[in-house]
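These notes concern the structure reproduced below.
In what follows, chains are A, B, ... by sequence order, proteins preceding strands, each numbered from 1. All heavy atoms count here, side chains included; hydrogens, waters and symmetry mates do not. Keep in mind it's a predicted model, so treat the numbers as computed, not measured.
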Amino acid sequence: MRYPFAEIEPKWRKFWDNNKIHQTDLSKTDDKLYTLVMFIYPSGAKLHCGHWYNYAPTDTWARYKKLNGYNVFEPMGYDAFGLPAENYAIKTGIHPYDSTMTNINDIRAQLKSIGCMYDWDAELMTCKPEYYKWNQWLFLQLYKKGLAYRKNAPVNWCPSCNTVLANEQVQSDGSCERCGSIVIQKALTQWFFKITDYVEELLSGLDTITWPEKTKLMQRNWIGKSIGTEVKFKVDGSGEDITVFTTRPDTLFGVTYVVLAPEHTLVDKLTTGEFKDSVAKYKEEIKSLSEIERTSTVKEKTGVPTGAVAINPVNGEKVPIWTADYVLSTYGTGCVMAVPGHDERDFQFAKKFNLPIRKVILKAGTNENDELTEAFTESGTMVNSGSFTGMFSEEGIDKISLYLEENNLGKRKTNYRLRDWLISRQRYWGTPIPIIHCPDCGEVPVEEDNLPVELPYDVEFKPSGDSPLSSNEKFINAKCPKCGADAKRDPDTMDTFVDSSWYYFRYLNPRFSEDIFDKSRTDKWVPVDMYVGGAEHATMHLLYARFIHKFLRDLGYTASDEPFKHLVHQGTITNQGAKMSKSKGNVVNPDDFTINYGADVFRLYLMFMGPYELGGDWSDKGISGTDRFVQRSYELFNKFSGLGKDVKAKSEYEIAPLSAVEKSIYRKVNQTIRKFDEEVEHFRFNTAIAGMMELINELKNLDQCSKEIQVYTLERFAVLLAPVAPHLAEECWQILGNDTSLFQKPVWFTVDEKALIADSINIAVQVNGKLRDTVEAATDSDQAVVKELVMQNEKVTKYLDGKQIVKEIFVKNKIYNIVVR
RNA sequence: GCGAGAAUGGCGGAAUUGGUAGACGCGCUAGACUUAGGAUCUAGUACCGAGAGGUGUCGGGGUUCGAGUCCCCGUUUUCGCACCA
């Protein structure tokens with residue numbers, strides 16, 4: 001009989017539901033384990049295989065922990081604010097709230113069909129005022145500490161749609177995805193969170209958490225700490241100074257020009273008469289370029305002179321000031337000193353515009369008068385550098401910095417690539433920013449008692465050039481909390497990364513109304529023990545959450561320094577080479593598989609496909625393999641139905657008295673448990689399942705075992721099934737004769753260590769590193785014993801004839817290698 | 001462009017610290033069973049070769065008794081790059 005998943009799976013889900021098996025008692029904290037997957041964005045595309053790939057294997061890990069006695073908390077919620085719902089509204093007229101709620105209801109039903117251990121009492125929706133109220137509260141706390149502030153920042157602007165565009169709405173050729181016009185960069189006043197105040201701790205904290213090394217490295221690179229010196233260049237004939245940042249003050253004598261970012265405020269100020277037109281024209285030209293294009297090292301460098309001249313502080317030399325787009329206003333001071341002899345970008349630029357190139361660092365083994373054919377960017381001996389000539393770069397960096405500091409011409413400075421977090425969005429579907437702009441008092445925060453500032457339902461979200469909220473008179477007009485005068489609310493909303501930077505606290509008490517969360521509870525449960533989600537969040541969400549966590553700690557809201565102790569990234573599931581998305585039309589609907597095979601077969605297949613961290617291109621080719629495995633498992637238990645009622649197995653057996661078949665099965669069962677423990681613990685589900693398949697292949701001889709060994713084996717097999725195929729396992733456990741639920745009364749079997757050691761073992765025999773045969777020897781045999789076997793082996797000895805043995809390498813239980821000449 | 005991964009049969013993938021390459025599964029081949037089925041069971045399946053044997057882990061070098069694994073050079077490919085989440 002085929003496994004009737006269509007009856008059995010809903011039956012067990014109902015049982016779990018009715019008995020509240022997945023509701024975590026959060027007051028019990030002794031063996032607490034907080035397992036979290038990144039919450040879902042409720043798009044109209046619903047759940048696809050990529051979501052299942054994220055959730056089902058993580059649930060297997062969580063269930064494994066639960067069976068091992070942990071009090072596991074595994075919640076799920078909706079990251080419900082965001083751009084796609086708003087775009088959808090612009091296109092169709094369907095309100096973001098309505099489409100989001102519809103999507104959530106559909107997705108919830110789908111999520112329930114996976115059979116994960118989600119505690120639905122903890123469900124969260126970030127678009128509800130009871131949630132985003134605390135985003136606003138968080139904003140106010142940051143504001144109070146001076147960590148939320150406004151400044152100008154460039155945004156992608158479509159002049160035809162009259163709106164700000166997300167990077168993803170700008171196509172690769174720089175045009176708007178909606179109308180095709182060329183997108184420009186426009187400066188707008190924006191809200192920022194001062195994440196840079198925490199930069200050192202964000203770096204050092206990485207050493208304290210168990211995250212993939214590559215993710216930590218990405219964060220380190222993102223933060224981009226660099227130790228250097230700021231150098232002041234006076235502008236000739238003007239009171240202005242240009243401050244540049246350099247990590248190579250030892251090359252200061254090689255400066256032949258200075259470059260300002262085109263957006264730098266000094267550009268217009270310094271440009272002299274005849275150059276004004278060309279500079280203005282240049283600034284116009286580069287408006288449509290993205291940062292990636294601007295910094296590309298293959299793109300032809302562009303730039304124009306400003307006519308102004310800077311004075312090198314160490315030698316008084318006058319050098320021209322240029323503006324060029326390879327200098328970014330967002331990094332360092334927005335100005336660089338150009339040393340074409342020792343910087344690749346400067347070299348290219350100087351070549352193109354015929355600017356002088358001067359050698360000031362000598363590469364070891366070369367001559368001072370050799371012409372530079374490319375920039376020499378490493379350290380070396382300083383030349384042409386006044387009194388510093390002859391020093392090695394490291395010493396020169398130190399001495400020149402000291403000289404600059406002593407003469408008030410500069411100072412040592414640590415720079416970071418990390419920029420403050422731009423959190424304002426000129427959009428509707430997000431958390432309103434709780435600030436009122438008063439003509440007299442300026443920016444005034446909304447009183448905490450007046451939170452939430454509710455997002456109004458009625459609004460014109462079609463682009464008009466302004467944030468959609470500014471068109472809602474009722475919303476936008478307010479009284480100044482300080483002086484009572486007529487004032488305007490801030491029309492912007494927050495980046496959705498604000499929502500996701502603290503949601504793991506809120507899951508623990510989603511309806512708590514007195515504070516952002518109940519500290520007495522979160523202190524026991526936070527940090528999250530295991531966090532699973534896509535690697536695409538490596539630098540943004542995962543950095544923002546760490547920042548907010550540290551901020552909340554400084555407010556006294558948590559004792560921990562880091563939000564996520566352990567992090568795992570699932571791989572990306574692509575289809576026809578592309579990430580699954582509705583717009584590409586390559587979404588694979590998991591429902592097709594759950595209808596045909598059931599949830600357990602599908603989740604088994606997702607785990608069996610390959611390494612969890614790797615992902616891969618979607619194919620359903622192998623699903624019949626896991627289906628067969630499920631069928632065979634079900635059949636196996638039916639064959640021994642009820643056996644566990646009459647026969648009780650011991651927890652361990654003496655091995656010697658067992659028959660050969662029993663021995664082999666007993667050993668395999670224990671080896672499989674050992675392997676399963678090891679593999680599932682580290683999210684290696686594919687090999688864990690392969691191990692179980694090996695076991696069931698061996699169990700074709702189970703009827704040759706005593707009833708006790710049969711029960712011993714089957715109860716262990718059922719329990720191994722439980723994390724990977726929970727519905728099936730519950731059913732099998734019951735068929736065997738148990739009247740309890742595995743997840744209601746968790747069971748896990750420990751390995752019988754003495755069953756793991758095999759009596760004998762195959763040892764590879766090599767001659768000159770080439771395999772010639774294997775010999776079977778008792779486990780842990782020493783070299784002399786193995787040598788005797790080897791030397792009797794003709795397949796080996798025929799390669800030794802007439803040769804001289806030079807060396808013999810013996811590795812116990814593994815290899816015997818004879819080197820001959 | 002910059003940064004970070006990956007590359008093993010026809011396919012998905014296994015392979016503690018360097019120690020028998022191809023576990024497990026798909027597919028395929030042959031057979032069994034059968035009021036015939038896209039079901040189940042048994043056997044085989046890296047490549048070349050009749051065999052002995054030889055060759056094989058993206059390409060090219062290197063270290064080592066021994067390299068899929070370590071080092072150098074290159075190719076291809078996936079992901080991220082600050083307003084998608």
Side-chain angles (χ1 to χ4, degrees), chain A residues 2 38-41 43 79 81-84 87 153 155-156 164-170 190 212-215 217-218 220-222 224 290-299 330 417-427 495-497 499-500 533-541 543-544 569 571-572 574 577 579 581 605 608-611 613-617 619-626 628-629 631-632 635 678 684 686-687 689-694 697 700 762-774 806-811 813-820:
Chain A
R2 281 188 65 79
M38 292 178 185
F39 59 177
I40 185 166
Y41 179 75
S43 79
D79 191 8
F81 274 138
L83 184 63
N87 281 342
V155 293
N156 300 311
V164 177
L165 297 180
N167 284 343
E168 74 154 12
Q169 296 177 291
V170 183
Q190 303 274 6
E213 275 310 313
K214 60 170 185 174
T215 309
L217 186 62
M218 267 195 228
R220 284 191 192 102
N221 291 341
W222 187 258
S290 72
E291 217 163 83
I292 292 174
E293 289 168 312
R294 283 177 56 167
T295 53
S296 165
T297 48
V298 288
K299 178 189 145 264
T330 47
R417 209 180 68 99
L418 180 71
R419 313 205 280 253
D420 278 337
W421 174 14
L422 195 169
I423 62 112
S424 48
R425 299 288 181 269
Q426 288 69 46
R427 301 190 205 289
D495 181 4
T496 53
F497 280 128
D499 312 39
S500 55
E536 64 272 21
H537 292 101
T539 45
M540 305 185 65
H541 160 57
L543 196 63
Y544 297 146
H569 297 304
T572 319
T574 55
K579 223 176 185 175
S581 78
Y605 177 60
F608 188 61
M609 277 188 348
E613 274 96 348
L614 224 62
D617 206 47
S619 154
D620 55 17
K621 262 191 185 160
I623 196 165
S624 51
T626 49
R628 277 177 205 147
F629 172 71
Q631 302 303 334
R632 290 169 69 194
E635 257 170 49
E678 186 65 26
R684 293 191 292 255
N686 56 330
T687 45
I689 293 166
M692 294 176 68
M693 287 174 168
E694 281 185 52
N697 287 342
K700 65 188 170 201
N762 275 330
I763 293 171
V765 185
Q766 301 181 335
V767 179
N768 284 353
K770 273 196 198 305
L771 181 73
R772 293 307 173 187
D773 203 5
T774 60
V806 190
K807 198 173 176 183
E808 286 163 81
I809 294 116
F810 174 70
V811 181
N813 297 332
K814 285 224 168 102
I815 203 158
Y816 199 103
N817 186 14
I818 304 167
V819 185
V820 296

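For A:M540, the side-chain atoms get nearest to B:A82 when compared with the rest of B:A82, B:C24, B:G13. Taking only side-chain atoms of A:L217, from C-beta outward, the nucleotide of B:A4, B:C83, B:C24 with the closest atom is B:A4. Nearest to the side-chain atoms of A:L418 among the listed nucleotides B:U20, B:C83, B:A82 stands B:A82. Looking at the side chain of A:R628, the nearest of the listed nucleotides B:A4, B:A21, B:U40 is B:U40. Residue A:P84 has its side chain nearest to B:C84 when only B:C24, B:C84, B:C83 are considered. Distances were taken from every side-chain heavy atom of A:S624 (C-beta onward) to each of B:C26, B:C24, B:A82; the shortest belongs to B:C26. When distances run from any side-chain atom of A:R632 to the nucleotides B:C65, B:G25, B:C24, the shortest one goes to B:G25. Across B:U20, B:C84, B:C24, the shortest atom-to-atom separation from the side chain of A:L83 is found for B:C84. Listed nucleotides B:G66, B:A15, B:A82 differ in distance to A:R419; the shortest reach to its side chain belongs to B:A82. Counting only heavy atoms from C-beta on, A:E168 has its side chain closest to B:C84 among B:A15, B:G3, B:C84.
Straight-line distance from the CD1 atom of A:I623 to the P atom of B:G25: 16 Å, rounded to whole Å. Distance, A:D620 CG to B:G13 C1': 17 Å, rounded to whole Å. Following rounding to the nearest Å, A:D617 (CG) and B:C79 (C1') show an atom-to-atom distance of 14 Å. Rounded to an integer number of Å, the gap from CD of A:Q631 to C1' of B:G38 is 14 Å. Rounded to whole angstrom, the span from the CD1 atom of A:I809 across to the C1' atom of B:U64 amounts to 10 Å. A straight line from CD of A:E613 to C1' of B:C79 spans 14 Å, rounded to a whole angstrom. One atom, CG of A:D420, and another, C1' of B:A82, lie 12 Å apart when rounded to the nearest Å. Counting to the nearest Å, the C1' atom of B:G19 and the CG atom of A:N813 are 12 Å from each other.
Side-chain nitrogen and oxygen atoms of A:N167 include none within less than 4.0 Å of the OP1 or OP2 phosphate oxygen of B:C84. OP1 or OP2 of B:A23 has not a single side-chain nitrogen or oxygen of A:N697 nearer than 4.0 Å. Close to B:G54, at under 4.0 Å from its OP1 or OP2, lies a side-chain N or O of A:R772. A close approach under 4.0 Å does occur between a side-chain nitrogen or oxygen of A:R425 and OP1 or OP2 of B:C83.
Among the atoms of the strands shown, only primed sugar atoms or phosphate atoms (P, OP1, OP2) are found under 4.0 Å from some heavy atom of A:E694. Contact annotation for A:L422: base contact, defined as any heavy-atom pair under 4.0 Å involving a base atom. Nucleic acid contact for A:H541: none, since no nucleic acid atom lies under 4.0 Å from a heavy atom of the residue. Using a 4.0 Å heavy-atom criterion, one finds that A:N817 contacts the bases of the nucleic acid, with or without backbone contacts as well. Using a 4.0 Å heavy-atom distance criterion, A:T774 is classed as a base contact. Residue contacts shown for A:F629 are absent, as no nucleic acid heavy atom lies under 4.0 Å away. Among the protein residues, A:Q426 comes within range of the nucleic acid bases, having at least one heavy atom under 4.0 Å from a base atom. Residue A:S424 is classed as a base contact, given a heavy-atom separation below 4.0 Å to a base. Within 4.0 Å (heavy atoms only), A:E678 reaches no atom of the nucleic acid at all.
Across the interface with RNA chain B, nearest-nucleotide mapping of A:N768 and A:D495 shows A:N768 to be the residue nearer the 5′ end. Heavy-atom distances to RNA chain B give each of A:W222 and A:K214 a nearest nucleotide, and the one nearer the 5′ end belongs to A:K214.
For the pair A:V820 and A:V806, the minimum side-chain heavy-atom distance is 4.5 Å or more. Side chains of A:H569 and A:T215 form a contact here, defined as non-hydrogen atoms less than 4.5 Å apart. Within the 4.5 Å cutoff, no side-chain heavy atoms of A:E168 are placed close to those of A:L165. No side-chain heavy atom of A:S500 sits under 4.5 Å from any side-chain heavy atom of A:Y544. Side-chain contact between A:Q190 and A:Q426 is present, with at least one heavy-atom pair separated by less than 4.5 Å. Side chains of A:M693 and A:T626 form a contact here, defined as non-hydrogen atoms less than 4.5 Å apart. Counting only heavy atoms from C-beta outward, the side chains of A:Q766 and A:R772 never approach each other to under 4.5 Å.
Contact annotation: side chain of A:K770 to base of B:U55, donor-acceptor pair absent below 3.5 Å.
Nucleotides B:G27 and B:C11 have their P atoms positioned 15 Å apart, rounded to a whole Å. Nucleotides B:C24 and B:G31 have their C1' atoms positioned 24 Å apart, rounded to a whole Å. A distance of about 16 Å separates the C1' atoms of B:G44 and B:G22, rounded to the whole Å. Separation of the P atoms belonging to B:G68 and B:A30 is 35 Å when rounded to the nearest angstrom. For the P atom pair drawn from B:G54 and B:A4, the interatomic distance equals 43 Å after rounding to whole Å. As rounded to the nearest Å, B:G62 and B:U57 have P atoms that lie 15 Å from one another. Annotation: B:C72 and B:U20 have their P atoms spaced 25 Å apart (nearest Å). Comparing the P positions of B:A67 and B:G49 gives a spacing of 27 Å, expressed to the nearest Å.
Pairing partner, B:G27: B:U45, with both Watson-Crick or wobble hydrogen-bond distances short of 3.5 Å. Within the shown strands, B:C65 is the pairing partner of B:G19 under the Watson-Crick or G-U definition, both distances less than 3.5 Å. When both pairing distances are held under 3.5 Å, B:U40 makes a Watson-Crick or G-U pair with B:A32. Both distances falling under 3.5 Å, in either a Watson-Crick or a G-U wobble arrangement, occur for no nucleotide opposite B:A50. Across all strands shown, the partner of B:G80 is B:C2, judged by Watson-Crick or G-U wobble contacts whose two distances both fall under 3.5 Å.
In summary, of the residues considered (A:W421, A:F497, A:W222), a side-chain contact (heavy atoms from CB on, under 4.5 Å) with A:L543 occurs for A:W222 alone.
Using modelled atom types and a 3.5 Å distance limit, the side chains of A:E808 and A:Y816 yield a donor-acceptor pair. Between the side chains of A:N87 and A:R427, not a single donor N or O lies within less than 3.5 Å of an accepting N or O.
B:G9 shows a glycosidic angle within 90° of 0 and is accordingly assigned syn.
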Inset, instruction - Report, as a single string ordered 5' to 3', how protein heavy atoms within less than 4.0 Å touch nucleotides 7-12 of chain B: B base, S sugar-phosphate only, - not at all. - result: -----B
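For the atom pair CG of A:N817 and CG of A:N768, the computed distance is 7.0 Å after rounding to the nearest 0.5 Å.
Summarising the geometry of A:T774 relative to A:A764, their closest heavy-atom pair is CG2-CA, 4.1 Å, with the distance given to 0.1 Å.
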